[in-house]
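Here the structure comes first, spelled out in structure tokens, and everything after it is commentary.
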2 protein chains.
Amino acid sequence: MAVTLKDIARACEVDVATASRSLNGAYGVRAETRQRILDAARRLQYRPNRIARGLVTGRSRTLAMVVGDIRNPFYAELARGVEDAAYRAGYELVLCNCDLSSDRQMHYIHSLLEKRVDGILLSAVARLNSAEQLELSRSDAPIVLLNRPPGGARGYSTVLADNYRGGWLAGETLAGLGHRKILLLAGPRDNGNLAARETGFLKALQARSGGAAPLILRAQHNSEGARHALAEYLHARAQRRRLPAAPPRGAFTALFAVNDAMAIGATRAIFEAGLNVPLDISVIGFDDIEFSGMLRPPLTTIHQPKYEMGRAAVEILLRHVGKPAGWMPEHRTMEVRLVMRESCRALRA
Amino acid sequence: MAVTLKDIARACEVDVATASRSLNGAYGVRAETRQRILDAARRLQYRPNRIARGLVTGRSRTLAMVVGDIRNPFYAELARGVEDAAYRAGYELVLCNCDLSSDRQMHYIHSLLEKRVDGILLSAVARLNSAEQLELSRSDAPIVLLNRPPGGARGYSTVLADNYRGGWLAGETLAGLGHRKILLLAGPRDNGNLAARETGFLKALQARSGGAAPLILRAQHNSEGARHALAEYLHARAQRRRLPAAPPRGAFTALFAVNDAMAIGATRAIFEAGLNVPLDISVIGFDDIEFSGMLRPPLTTIHQPKYEMGRAAVEILLRHVGKPAGWMPEHRTMEVRLVMRESCRALRA
DNA sequence: CTGAAAGCGCTAACAA
DNA sequence: TTGTTAGCGCTTTCAG
């Protein structure tokens with residue numbers, strides 16, 4: 001059995017209250033007594049039972065983060081930022097993967113609330129129906145939406161990258177390099193972040209004098225989805241022109257993929273079609289996952305400050321602990337920036 | 001204030017004990033009464049306070065995993081396996097990143113024990129001094145070492161990939177392809193897993209008739225470390241032979257990096273030196289992180305079943321919950337296998 | 001089948 | 001400065 005406060009109180013011939021005070025607040029107790037208790041605690045290897053403490057204080061010193069899949073390097077980087085910030089503040093982090101399952105997401109949220117976590121970071125993309133939304137809103141623990149557009153769920157704090165501006169930057173970059181025939185490799189329409197990037201990109205092209213509307217190809221927002229979709233597209237084009245052997249050139253000279261995973265898949269498809277990046281096609285992505293810099297060619301992309309986003313979300317969350325639900329939601333938009341690497345080249349005019 | 005068992009007991013005009021029984025064990029209570037209570041619970045949105053329950057049962061239904069850095073895709077995959085298994089068993093997972101800091105590692109372990117987690121998975125590589133080892137051994141919660149050789153810490157259950165055999169496989173593969181001049185890109189000597197791979201590799205080459213001892217280059221076990229070390233080596237060779245422009249060929253025709261991150265860094269260094277993989281140098285790695293298959297060329301590597309390792313570790317851990325400390329440690333060695341992709345080629349004899 | 005009562009280990013008024 | 005007294009919300013004997 002573990003040694004309890006009572007044990008150390010008995011050993012020192014004081015009351016548990018005195019022992020508790022010595023170990024915690026520390027003031028309102030004679031220095032000598034306090035020392036005696038501290039010594040006994042160390043000697044007996046006393047480990048306070050935080051769960052008992054939690055029961056009375058109502059706080060667990062635990063935060064939770066719900067993500068889609070921690071194997072996604074984007075989430076991993078977010079999570080690391082979250083965890084470091086939590087650690088510094090003296091909190092632990094419980095991690096929940098729920099993929100796209102809103103069932104699993106709700107299951108977690110229930111468990112977390114039952115465990116009285118002090119706050120929840122919601123990064124997963126699983127949609128919630130209105131019953132679930134309602135349930136969330138009654139949550140005692142503060143919730144911040146991290147990289148998850150509110151989507152009907154008003155009233156929560158949010159931390160988001162400036163996706164629109166990132167898309168714009170991508171458009172500017174490609175157009176500035178002289179590209180006119182451009183492919184937009186877009187994701188599912190119902191993803192708010194991806195949609196914002198798309199919009200920003202389109203606007204940037206429109207704003208450019210003579211900016212023609214790009215081709216739009218929609219795919220799953222992962223490598224395989226992008227690779228598959230683009231491969232099919234390139235193949236179909238070759239067929240149509242009866243160029244079974246020769247790869248199609250000239251349909252577009254640049255491509256924007258709304259995230260790096262898609263950019264990676266697209267790059268593969270391009271090489272597999274016998275074309276070259278950036279000689280035949282320039283590629284620009286979005287996210288700047290660590291891996292992007294290690295590709296051949298290193299990927300030009302829009303960087304979002306994932307680690308800092310995690311940190312910022314924890315700061316907001318902690319500011320809301322103990323506050324009434326729905327207390328002054330904060331909205332933080334994080335800056336993005338272009339990272340020029342080698343997958344884009346300028347077109348000679 | 002949250003609704004408690006007492007509230008629902010009052011609403012149903014029964015005792016809290018009856019309410020508790022109805023909500024849990026469910027037997028020993030009249031069906032009609034039980035139903036009434038269940039209904040009330042739903043109606044009042046009752047959420048049991050698990051921390052109160054934990055105080056009496058002594059279980060928290062929480063597991064913890066201590067890793068180096070979740071951004072490392074290897075850990076992420078392990079973690080996902082762990083989390084899925086925990087989820088299925090009705091547990092939550094707290095995730096702790098401690099890099100190489102044994103301070104942070106110990107800090108976590110203390111917190112976790114104070115929070116009465118039901119078990120701890122140790123994957124981090126931070127070394128523990130003997131005082132820390134002693135402390136660990138007195139832990140009430142079971143501990144399993146996941147991908148972490150016991151290194152003096154006997155008595156714990158372990159889950160490890162068959163690193164030795166993986167190294168052997170790599171050696172066999174290269175030798176079987178006809179390579180004779182081989183470079184071993186090794187990691188720090190004090191890493192047990194990496195050292196086992198190294199040993200296996202060396203043995204395989206020795207076992208081959210005419211297998212010459214490979215060159216050994218030691219580097220940090222990450223991409224940049226490997227890239228740097230290999231670049232320097234290639235450069236120095238070029239200098240020595242007064243071939244500033246022409247890249248050095250022929251010193252070795254194949255290379256084994258003891259993990260994929262290193263293989264990736266090495267591949268970069270090779271291309272940056274103007275050489276080609278696999279034409280000039282074949283490369284084989286270890287781990288089979290997801291990314292390996294998306295490289296150009298896709299990396300040949302030794303696959304370890306990371307996800308399954310995570311799952312296996314949880315199974316063992318759960319088997320030990322509630323058992324006395326040091327109870328029948330289990331040791332599980334997971335099989336590895338060769339994944340042949342395009343970074344290795346056969347040498348014509 | 002159900003109620004009463006004790007207690008998990010700790011904190012926090014309130015007294016002394 | 002210290003001890004006493006109540007709980008926190010739940011489970012779990014033990015009676016009834």
Side-chain angles (χ1 to χ4, degrees), chain A residues 1-38 40-41 44-62 110-111 113-118 140-141 322, chain B residues 1-38 40-41 44-62 110-111 113-118 140-141 322:
Chain A
M1 211 45 225
V3 16
T4 75
L5 242 203
K6 193 152 47 167
D7 295 325
I8 95 122
R10 185 167 23 205
C12 295
E13 298 177 299
V14 295
D15 191 87
V16 293
T18 310
S20 174
R21 274 188 288 254
S22 306
L23 264 4
N24 301 334
Y27 65 98
V29 53
R30 185 154 39 117
E32 189 266 326
T33 316
R34 177 160 178 268
Q35 198 45 246
R36 196 152 42 94
I37 290 167
L38 258 33
L44 301 183
Q45 307 267 18
Y46 172 65
R47 295 244 160 272
N49 184 331
R50 292 192 160 277
I51 149 147
R53 173 193 299 207
L55 182 56
V56 27
T57 61
R59 304 234 169 297
S60 59
R61 294 243 131 203
T62 302
H110 289 157
S111 291
L113 292 176
E114 293 182 358
K115 287 188 174 169
R116 300 302 191 263
V117 297
D118 294 327
D140 292 311
Chain B
M1 213 43 227
V3 14
T4 74
L5 240 204
K6 192 153 46 168
D7 296 324
I8 96 121
R10 185 166 25 204
C12 295
E13 298 175 300
V14 295
D15 190 85
V16 293
T18 310
S20 174
R21 274 187 286 253
S22 306
L23 265 3
N24 301 335
Y27 64 98
V29 53
R30 185 153 41 116
E32 188 266 326
T33 316
R34 177 160 177 267
Q35 199 44 245
R36 196 152 43 92
I37 289 168
L38 259 33
L44 301 184
Q45 308 267 18
Y46 172 64
R47 295 242 160 276
N49 184 331
R50 292 193 160 277
I51 147 148
R53 173 192 299 209
L55 183 56
V56 26
T57 61
R59 303 233 170 297
S60 59
R61 294 243 129 203
T62 302
H110 288 157
S111 291
L113 292 176
E114 292 183 359
K115 287 188 172 169
R116 302 300 192 263
V117 298
D118 295 327
D140 291 312

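Please read all numbers here as calculations on a predicted model, not as lab measurements. Every chain is numbered from 1 and lettered A, B, ... according to where its sequence line falls, protein lines coming before strand lines.
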Inset, instruction - To the nearest 0.5 Å, tell me how far B/Arg59 CZ sits from A/Ile51 CD1. - result: 11.5 Å
Legend entry - No-H, no-angle donor-acceptor pair, B/Arg116 side chain to C/dG9 base, under 3.5 Å: no
Inset, instruction - Send over the distance from A/Leu5 CG to D/dG3 P, rounded to a whole Å. - result: 13 Å
Legend entry - Atom pair distance, as rounded to whole Å: CG in A/Leu55 and C1' in D/dA6: 13 Å
Inset, instruction - Write down the distance between CD1 (B/Ile8) and P (D/dT11), rounded to a whole number of angstrom. - result: 11 Å
Legend entry - Interatomic distance, A/Arg10 CZ vs D/dG3 P [rounded to whole Å]: 15 Å
Legend entry - Spatial distance of atom CG (A/Asp15) from atom CZ (A/Arg21) [nearest 0.5 Å]: 7.5 Å
Inset, instruction - Please round to the nearest 0.5 Å and tell me the distance separating atom CG of B/Leu44 and atom CD1 of B/Ile8. - result: 7.0 Å
Inset, instruction - Rounded off to whole Å, could you give me the CZ-to-C1' distance for the B/Arg50 and C/dC8 pair? - result: 17 Å
Legend entry - Heavy-atom neighbours of B/Glu13 CD exceed 12 at 6.0 Å: no
Inset, instruction - Give one of base, sugar-phosphate or nothing for A/Asp15, where a contact means two heavy atoms less than 4.0 Å apart. - result: base
Inset, instruction - Rounded to the nearest angstrom, tell me the gap between atom CG in A/Asp140 and atom P in D/dG9. - result: 11 Å
Inset, instruction - To the nearest Å, give me how far apart CZ (B/Arg59) and P (D/dG9) are. - result: 24 Å
Inset, instruction - May I ask you to verify if any side-chain N or O of B/Asn24 is less than 4.0 angstrom from the OP1 or OP2 atom of D/dT11? - result: yes
Inset, instruction - Look at A/Ser20 and C/dT11 and indicate whether a side-chain polar atom (N or O) is within less than 4.0 Å of OP1 or OP2. - result: yes
Inset, instruction - Return the 5'-most residue of the pair B/Ala52, A/Val56 with respect to DNA chain C, ranking by each residue's nearest nucleotide. - result: B/Ala52
Legend entry - Integer-rounded Å distance: C/dC10 P and A/Ile37 CD1: 13 Å
Inset, instruction - Evaluate the side-chain contact (heavy atoms from CB on, under 4.5 Å) criterion for residues B/Lys115 and A/Thr62: first the C-alpha distance (whole Å), next the side-chain angles of each, then the deciding distance (0.1 Å), finally the verdict. - result: CA-CA 10 Å; B/Lys115 287 188 172 169; A/Thr62 302; 3.0 Å; yes
Legend entry - side-chain N/O A/Tyr46 vs C/dC10 OP1/OP2, d < 4.0 Å: yes
Inset, instruction - On DNA chain D, check which nucleotide each of A/Thr57 and A/Glu13 is closest to and give me the residue with the more 5' one. - result: A/Glu13
Inset, instruction - Determine: side-chain N/O of B/Thr33 to OP1/OP2 of C/dT2, distance under 4.0 Å, yes or no. - result: yes
Legend entry - Side-chain-base donor-acceptor pair under 3.5 Å for A/Arg21 and D/dG3: yes
Inset, instruction - May I ask you to evaluate whether A/Arg53 reaches the phosphate of C/dT11, defined as a side-chain N or O under 4.0 Å from OP1 or OP2? - result: yes
Inset, instruction - Ignoring backbone atoms, establish whether A/Arg30 has a side-chain N or O less than 4.0 Å from OP1 or OP2 of D/dT2. - result: yes
